[in-house]
4 protein chains.
Amino acid sequence: MNSPPIQPRIRAVHPEDKSERRAAILAAAQSLLADDPQGSFPVESVAQAAGVAKGTVYLYFGSREEVMLAVHEKQVHELFDVIGDALAASGADAVSVVRIVLRHISRHRNFYPLAGRCRSMLDTKVSTDCALAFKTRLGERLADLGLVIERMYPGLAAGGGAALLMNSYALMIGLWQQADPPDCLREVMKRPEMKIFRIDFERQLAAALIDLWDAAGRRGAAARRSGSTKRSNA
Amino acid sequence: MNSPPIQPRIRAVHPEDKSERRAAILAAAQSLLADDPQGSFPVESVAQAAGVAKGTVYLYFGSREEVMLAVHEKQVHELFDVIGDALAASGADAVSVVRIVLRHISRHRNFYPLAGRCRSMLDTKVSTDCALAFKTRLGERLADLGLVIERMYPGLAAGGGAALLMNSYALMIGLWQQADPPDCLREVMKRPEMKIFRIDFERQLAAALIDLWDAAGRRGAAARRSGSTKRSNA
Amino acid sequence: MNSPPIQPRIRAVHPEDKSERRAAILAAAQSLLADDPQGSFPVESVAQAAGVAKGTVYLYFGSREEVMLAVHEKQVHELFDVIGDALAASGADAVSVVRIVLRHISRHRNFYPLAGRCRSMLDTKVSTDCALAFKTRLGERLADLGLVIERMYPGLAAGGGAALLMNSYALMIGLWQQADPPDCLREVMKRPEMKIFRIDFERQLAAALIDLWDAAGRRGAAARRSGSTKRSNA
Amino acid sequence: MNSPPIQPRIRAVHPEDKSERRAAILAAAQSLLADDPQGSFPVESVAQAAGVAKGTVYLYFGSREEVMLAVHEKQVHELFDVIGDALAASGADAVSVVRIVLRHISRHRNFYPLAGRCRSMLDTKVSTDCALAFKTRLGERLADLGLVIERMYPGLAAGGGAALLMNSYALMIGLWQQADPPDCLREVMKRPEMKIFRIDFERQLAAALIDLWDAAGRRGAAARRSGSTKRSNA
DNA sequence: AATGAATGAGCATTCATTCAT
DNA sequence: CATGAATGAATGCTCATTCAT
């Protein structure tokens with residue numbers, strides 16, 4: 001009644017082979033996501049695209065949602081890498097960082113839909129362990145980058161850098177959710193009543209981000225002047 | 001368990017709201033949502049809570065998602081009402097508006113989960129007509145309130161008020177998505193590695209919103225000084 | 001994405017129509033059980049055999065197991081009917097009752113496999129309500145028939161009739177489990193080492209049942225003689 | 001959670017038991033069964049509890065069901081050991097044997113669920129060889145003990161001892177199936193309509209067993225008197 | 001012998017939606 | 001208008017089993 005494995009794939013015995021297989025599954029999911037941003041494809045499709053059996057997916061991930069979360073995490077860390085590089089560049093300032101980040105994101109627009117669903121993903125079929133690990137790793141990056149920002153804006157309160165990052169990220173995701181027309185509205189976006197939503201997403205986002213970063217810089221400056229260095233929040 | 005809180009509508013914004021049945025269904029869904037923010041309850045539950053038959057729900061709404069969207073819309077318009085009132089108050093400024101809005105939202109925290117899912121709802125089982133109507137009504141409010149803001153910050157570019165509102169809304173939703181711990185993490189939020197996410201959501205949001213509004217005000221002021229009045233973006 | 005009902009069957013609106021439909025599902029399951037005593041067929045097969053859609057089965061039963069339990073219950077009550085008739089016949093005694101019961105069972109041999117699985121069915125996917133109702137109805141029959149038996153064996157302790165029935169039923173099911181060769185042993189049953197299991201099931205069962213009933217009768221007689229009438233157990 | 005209780009085997013009945021590994025696997029399964037009488041645990045759990053790899057289980061057993069069957073067999077043979085000892089005791093009679101057997105079983109209540117499923121296990125994923133061996137060994141014990149009983153009840157027909165054993169066993173298992181409330185009914189057993197099922201299982205079983213054994217004794221006596229020694233049946 | 005990675009069949013169940021009554 | 005019976009698509013996941021290492 002239970003059928004045996006017919007053509008088992010080459011076995012991933014060593015840890016590095018396992019990481020490779022895991023990565024293959026992630027890549028497969030990511031590739032499917034490109035065609036279907038809503039991610040409404042069965043696990044079997046992911047498996048097929050990765051060249052493994054359905055069950056194998058569950059050897060590397062606890063659930064379908066955990067696969068998707070892992071794809072999201074990968075993309076977020078890539079974004080953080082970009083931010084880190086931008087901040088590390090000589091002469092980096094709010095404007096240059098924002099420009100570089102936006103350029104990256106504009107080339108990875110399939111980042112948004114998944115990111116927008118991240119919160120609800122955590123509410124569904126993601127084990128506490130998995131969610132915790134995800135958040136922990138995220139927190140580490142946030143802390144690291146936050147420190148870099150605090151060094152850039154001396155006087156910014158402790159934690160102010162991370163807060164600025166969170167706010168920026170929030171603005172980015174939130175604004176995309178407002179601005180990106182859903183498929184069913186693509187056609188009617190040209191109507192006059194939709195004018196208000198025909199915004200230049202990247203322009204508006206860039207402006208708002210710069211407002212946020214400038215305000216942080218100004219606050220840092222003010223703090224420096226008055227000698228204080230504590231109290232958090234951007 | 002679900003006592004349909006027949007919240008008297010602050011304003012009868014839409015003509016179709018006149019139907020008591022429709023309102024009852026919305027109220028039922030809203031009440032259910034209070035217990036289950038993820039909204040993973042069957043249409044039948046909504047119908048039961050509303051005291052109607054399952055089929056009746058489809059007499060008033062095109063699909064399950066349209067019901068949820070309507071609940072969301074109702075809540076958004078309530079929020080807009082509050083913003084409108086705050087702006088209309090004498091001596092209104094960024095700080096007072098933000099304070100009032102945050103107070104409202106903190107009393108309607110079940111606004112967030114639904115709002116966070118709004119974008120993906122539009123991608124699923126919402127007819128173009130319905131989505132268009134939703135967006136159109138939203139756009140109208142946005143335009144109206146945007147004008148009020150532009151009057152408050154004279155010199156703010158045309159459309160700058162609406163953009164400021166969108167940005168604010170985006171920040172609010174996006175930051176909530178980062179800050180609100182999912183159920184599976186409620187318990188572990190006290191761990192040290194989660195410290196960075198134990199933010200004071202409302203404080204941080206308020207600060208960031210004020211940064212945004214202040215920047216808009218400053219930009220408006222600058223624009224006024226230089227005589228220009230065009231170019232959009234906040 | 002969710003497809004509508006294409007060719008809905010005639011609707012069972014009246015209670016009697018519903019009973020009919022329920023009965024049809026039961027009959028379908030029973031018929032499948034005849035071919036596959038282990039009952040390892042999907043719910044869909046039952047539905048098809050009953051001429052309804054899979055979902056309809058779940059309109060009438062809480063789970064697959066509840067369908068099977070209902071089939072079993074039907075068969076048990078049929079057996080109880082036979083026992084009742086046998087007991088009601090003039091000149092009924094242990095021998096005649098046992099003979100009649102065995103004749104019935106030998107004509108309904110697919111009663112055994114299901115009956116043998118009844119206990120484990122109750123452990124799996126049967127709601128408390130359903131199990132309780134099943135047991136309650138069973139208990140009623142047991143009590144009724146028990147009284148008839150007690151009238152037949154005056155002096156039998158209160159409850160002694162029901163106990164005798166339970167014991168008889170237990171012996172019947174238990175002995176079948178020992179005696180009925182599983183499919184995989186059908187062929188090898190003729191080997192000498194299997195001799196001991198090549199019993200004449202019905203003969204041995206009949207003899208043991210009569211022992212049980214005679215002993216009960218004797219005990220009843222003894223009790224009568226000594227005047228006592230209480231204490232239970234057969 | 002599952003501390004493999006390495007119960008020292010009372011007797012090394014089968015040669016293959018010499019394998020420590022095999023014994024460890026059986027002990028692990030038995031231990032798991034104590035916590036989950038339904039035996040709905042994966043093979044991997046058994047392997048882990050036994051301290052071996054999943055594949056190793058299949059080196060010693062042909063299938064999952066064969067492991068369970070082996071556990072059952074072990075328990076049955078332990079029961080037979082007890083019966084043998086009870087019969088061998090000086091002054092052994094039906095009452096003393098029944099008492100000793102019941103005491104053993106009451107201390108090993110997890111014997112019942114598995115025993116009750118034995119028949120259906122044989123229908124699923126047990127090789128003919130395995131089933132045959134199981135039955136053969138069972139038959140041997142049955143024959144041996146049957147002879148002892150026939151010696152105890154001289155005049156009992158040939159095979160009458162084994163038949164009496166089978167009947168007794170059947171009654172035991174069958175009555176347990178009726179009497180043991182499934183988990184989902186544990187709570188509601190106190191209700192009045194459940195009264196008829198609130199039987200004193202061991203008392204009722206003991207009484208019925210004694211009826212069976214007494215009847216066998218009496219029949220043996222009668223047979224002796226009339227000189228006959230043939231005809232089987234208890 | 002032992003391991004454990006890989007396989008993939010297998011299915012109950014839910015529930016949004018329709019439409020006969 | 002309202003009802004609620006009927007539909008059936010849609011799929012995540014488990015886990016027994018195999019066999020390359």
Side-chain angles (χ1 to χ4, degrees), chain A residues 1-14 17-18 21 40-48 52-65 67 125, chain B residues 19 21 40-48 52-65 67 124-125, chain C residues 1-14 17-18 21 40-48 52-65 67 125, chain D residues 19 21 40-48 52-65 67 124-125:
Chain A
M1 200 163 280
N2 283 299
S3 47
I6 298 301
Q7 302 169 322
R9 209 135 300 280
I10 290 156
R11 295 186 180 192
V13 282
H14 301 298
D17 297 331
K18 294 199 192 172
R21 187 132 308 176
S40 58
F41 40 76
V43 170
E44 173 133 52
S45 303
V46 178
Q48 277 176 347
V52 298
K54 203 186 342 179
T56 305
V57 173
Y58 289 90
L59 239 37
Y60 292 88
F61 298 92
S63 73
R64 183 187 192 285
E65 290 302 279
V67 177
K125 277 286 175 188
Chain B
S19 162
R21 277 286 209 287
S40 56
F41 41 77
V43 170
E44 170 129 55
S45 301
V46 178
Q48 275 175 350
V52 301
K54 201 168 14 161
T56 305
V57 173
Y58 288 88
L59 248 32
Y60 290 90
F61 297 91
S63 74
R64 183 188 192 283
E65 291 300 279
V67 177
T124 333
K125 279 283 173 188
Chain C
M1 199 163 277
N2 283 299
S3 46
I6 298 301
Q7 301 169 324
R9 210 133 298 281
I10 290 156
R11 296 186 179 190
V13 281
H14 301 297
D17 298 330
K18 294 199 191 174
R21 188 132 305 177
S40 57
F41 40 76
V43 170
E44 171 131 52
S45 302
V46 178
Q48 277 176 347
V52 299
K54 206 183 343 176
T56 306
V57 173
Y58 289 89
L59 240 37
Y60 291 89
F61 297 91
S63 73
R64 184 186 191 285
E65 291 301 281
V67 178
K125 278 284 175 188
Chain D
S19 161
R21 277 287 210 288
S40 56
F41 41 77
V43 170
E44 171 129 55
S45 300
V46 178
Q48 275 177 348
V52 299
K54 202 170 9 163
T56 306
V57 172
Y58 288 88
L59 289 176
Y60 291 90
F61 298 91
S63 75
R64 183 190 192 281
E65 290 302 278
V67 177
T124 332
K125 278 287 174 184

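Because the structure is a prediction, the values reported are computed rather than measured. Per chain, numbering begins at 1; letters A, B, ... match sequence-line order.
Between B/Lys125 and B/Ser63, the shortest heavy-atom contact is O-OG, 2.5 Å.
We find that OH of C/Tyr58 is positioned 18 Å from C1' of E/dA16, with the value rounded to whole Å. Spacing between atom CG of C/Leu59 and atom P of E/dA16 amounts to 15 Å, rounded to whole angstrom units. Distance, C/Ile10 CD1 to F/dG4 C1': 17 Å, rounded to whole Å. We find that NE2 of C/His14 is positioned 14 Å from C1' of F/dG4, with the value rounded to whole Å. Here F/dA6 presents its C1' atom at 12 Å from NZ of C/Lys18, a figure rounded to the nearest Å. Here the C1' atom of nucleotide F/dT7 and the CD atom of C/Glu44 are 12 Å apart, to the nearest Å. One atom, CD of C/Gln48, and another, P of F/dT7, lie 12 Å apart when rounded to the nearest Å. Taking atom CD of A/Glu65 as the reference point, atom C1' of F/dC13 lies 13 Å away to the nearest angstrom.
Checked against F/dT17, F/dC15, F/dC1, the side chain of D/Ser63 finds its nearest nucleotide in F/dT17. Among the nucleotides F/dA6, F/dT17, E/dA2, the one closest to any side-chain atom of C/Arg11 is F/dA6. When each of F/dT7, E/dT18, E/dA6 is scored by its nearest atom to the side-chain atoms of C/Ala53, the top-ranked nucleotide is F/dT7. Here F/dG12 is the nucleotide among E/dT17, F/dG8, F/dG12 with the atom lying nearest to any side-chain atom of A/Lys54. Counting only heavy atoms from C-beta on, A/Val43 has its side chain closest to F/dG12 among E/dT3, F/dG12, F/dC15.
No contact: D/Phe61 has no heavy atom under 4.0 Å from any strand. In this structure, C/Val13 reaches neither bases nor backbone, as no heavy-atom distance under 4.0 Å exists between it and the strands shown.
Using a 4.5 Å heavy-atom threshold, the side chains of B/Tyr60 and B/Val52 count as separate. Proximity of A/His14 to A/Asp17: side-chain heavy atoms (C-beta onward) are separated by under 4.5 Å at one or more points.
Put simply, CZ on A/Arg21 and OG1 on A/Thr56 are 7.5 Å apart, with the number rounded to the nearest 0.5 Å.
Within the structure, a side-chain polar atom (N or O) of D/Arg64 is placed less than 4.0 Å from OP1 or OP2 of F/dA16. OP1 or OP2 of E/dT7 has at least one side-chain nitrogen or oxygen of A/Thr56 nearer than 4.0 Å. Using a 4.0 Å cut-off, some side-chain N or O of B/Tyr60 falls inside it from OP1 or OP2 of F/dA2.
For C/Arg64 (side chain) and C/Phe41 (main-chain N/O), a donor-acceptor pair under 3.5 Å exists by modelled atom type.
Comparing D/Pro42 and C/Ala12 by the nucleotide of DNA chain F that holds the closest heavy atom to each, the one mapping nearer the 5' end is C/Ala12. Both A/Arg21 and C/Gly55 sit near DNA chain E, but only A/Arg21 has its closest nucleotide nearer the 5' end.
A stem is defined here as three or more consecutive Watson-Crick or G-U pairs, each with both distances under 3.5 Å; for DNA chain E these stems are E:2-21 with F:2-21.
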